[in-house]
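Data block below; observations after.
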Amino acid sequence: MAWWLFKSEPFKWSWAMQKKKGAAGEEWDGVRNYQARNNMRAMKLGDKGFFYHSNEGLEIVGIVEVCREAHPDSTSDDPRWECVDIRAVCDMPRPVSLKAVKANPCLQEMALVTSMRLSVQPVRAEEWREICRMGGLSAG
DNA sequence: GCCAACGTTGGC
DNA sequence: GCCAACGTTGGC
């Protein structure tokens with residue numbers, strides 16, 4: 001089991017929209033960055049991820065899980081681009097802001113801090129646990 | 001809206 | 001294969 005973080009600008013694709021898709025989930029399409037794509041290729045069914053609102057909000061608002069492994073991105077004709085499908089699992093009881101992440105000494109090496117522009121990021125087990133704790137989720 | 005950081009492109 | 005120009009991301 002691995003953990004990830006998915007960034008989305010809420011006015012393009014919000015947590016509310018993701019939740020409306022329910023258990024069926026939705027393609028995480030539109031990624032045109034090799035590192036982000038490679039992260040998606042590495043994902044396995046059932047892997048968990050944080051859903052982060054960039055640009056507006058700037059906070060982790062929910063938990064998602066991978067419900068389909070990497071496949072061609074239906075929004076691209078270019079076979080280089082692949083994506084996974086993810087579905088909403090639950091809300092973050094208390095959204096964890098970027099500010100709070102940056103202020104936490106345990107999270108200084110998080111990709112969210114060090115690789116600001118990467119839109120699909122790996123999350124370490126201890127980072128996952130810490131953020132769940134901050135967000136009011138007992139079980140990661 | 002600005003702009004720094006950074007990824008990508010393309011000429012050489 | 002280098003690197004300058006350019007485009008995009010995303011925090012502020």
Side-chain angles (χ1 to χ4, degrees):
Chain A
M1 157 86 90
W3 297 271
W4 311 92
L5 182 143
F6 297 84
K7 277 190 196 176
S8 184
E9 296 170 285
F11 43 87
K12 287 185 185 157
W13 184 255
S14 69
W15 178 234
M17 293 161 87
Q18 181 70 50
K19 282 197 290 187
K20 265 189 201 154
K21 288 286 171 180
E26 178 74 2
E27 267 193 6
W28 197 257
D29 54 33
V31 171
R32 302 291 181 265
N33 170 282
Y34 292 109
Q35 219 181 326
R37 182 210 58 191
N38 291 346
N39 287 335
M40 288 199 286
R41 279 184 176 169
M43 292 179 191
K44 300 289 181 205
L45 267 183
D47 278 1
K48 296 285 197 305
F50 291 128
F51 192 105
Y52 174 80
H53 276 163
S54 65
N55 256 299
E56 283 175 12
L58 306 186
E59 57 190 9
I60 293 166
V61 290
I63 307 285
V64 295
E65 107 186 322
V66 175
C67 59
R68 188 181 168 195
E69 294 183 5
H71 57 86
D73 183 334
S74 69
T75 65
S76 174
D77 295 330
D78 192 329
R80 284 179 303 171
W81 303 122
E82 297 178 18
C83 63
V84 295
D85 289 14
I86 60 173
R87 65 170 167 236
V89 173
C90 65
D91 290 325
M92 208 36 116
R94 283 186 295 118
V96 178
S97 69
L98 178 64
K99 208 175 159 188
V101 169
K102 285 185 170 171
N104 187 327
C106 306
L107 301 175
Q108 291 315 292
E109 287 176 34
M110 251 196 108
L112 194 61
V113 177
T114 62
S115 313
M116 190 243 278
R117 296 186 55 217
L118 184 59
S119 62
V120 179
Q121 314 181 342
V123 173
R124 295 178 186 149
E126 60 271 25
E127 294 164 348
W128 181 268
R129 264 186 270 111
E130 178 65 6
I131 287 174
C132 286
R133 192 189 61 74
M134 293 164 77
L137 274 181
S138 45

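Below, read A as the first sequence line, B as the second, and so on, with proteins coming before strands; counting in each chain starts at 1.
With ring centers used as reference points, A:Trp28 lies under 6.0 Å from A:Phe51.
A:Gln121 and A:Ser115 share no donor-acceptor pair across their side chains, judged by distance under 3.5 Å alone.
Using a 4.0 Å heavy-atom distance criterion, A:Lys99 is classed as making no nucleic acid contact.
Both A:Asn55 and A:Gln35 lie near DNA chain B, and the one whose nearest nucleotide falls closer to the 5' end is A:Asn55. When each of A:Met116 and A:Arg80 is assigned the nucleotide of DNA chain B with its nearest heavy atom, A:Met116 is the one assigned upstream, toward the 5' end. Closest-nucleotide positions on DNA chain C for A:Lys12 and A:Lys102 were compared, and the one nearer the 5' end corresponds to A:Lys12.
Taking the side chain of A:Arg117 as heavy atoms from C-beta on, and the options C:dG10, B:dT8, C:dT8, the nearest nucleotide is C:dT8.
For A:Gln121 and B:dG7, the CD to P distance is 12 Å, given to the nearest whole Å. A:His53 has its NE2 atom 17 Å from the P atom of C:dT9, to the nearest Å. Distance, A:Ile60 CD1 to C:dG10 P: 14 Å, rounded to whole Å. Between the CZ atom of A:Phe6 and the P atom of C:dT9 there is a distance of 18 Å, given to the nearest Å. A:Asp78 has its CG atom 13 Å from the P atom of B:dT8, to the nearest Å. If you measure from atom OH of A:Tyr34 to atom P of B:dT8, you get 7 Å, rounded to the nearest angstrom. To the nearest angstrom, P of C:dT8 lies 13 Å from CZ of A:Arg32. Atom pair A:Asn39:CG and B:dG7:P shows a separation of 13 Å (rounding to whole Å applied).
For A:Tyr52 and C:dG11, the shortest distance from a side-chain N or O to OP1 or OP2 is below 4.0 Å. At C:dT9, none of the side-chain N or O atoms of A:Lys7 fall inside 4.0 Å of OP1 or OP2 (strictly under the cut-off).
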Ring pair (Phe, Tyr, Trp, His ring centres under 6.0 Å) between A:Tyr52 and A:Trp15, worked out: CA-CA 8 Å; A:Tyr52 174 80; A:Trp15 178 234; over 10 Å; no
Evaluation steps, ring pair (Phe, Tyr, Trp, His ring centres under 6.0 Å), between A:Phe50 and A:Trp3: CA-CA 8 Å; A:Phe50 291 128; A:Trp3 297 271; 9.7 Å; no
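Heavy atoms of other residues, nucleotides or ligands lying less than 6.0 angstrom from CD of A:Gln35 number 12 at most.
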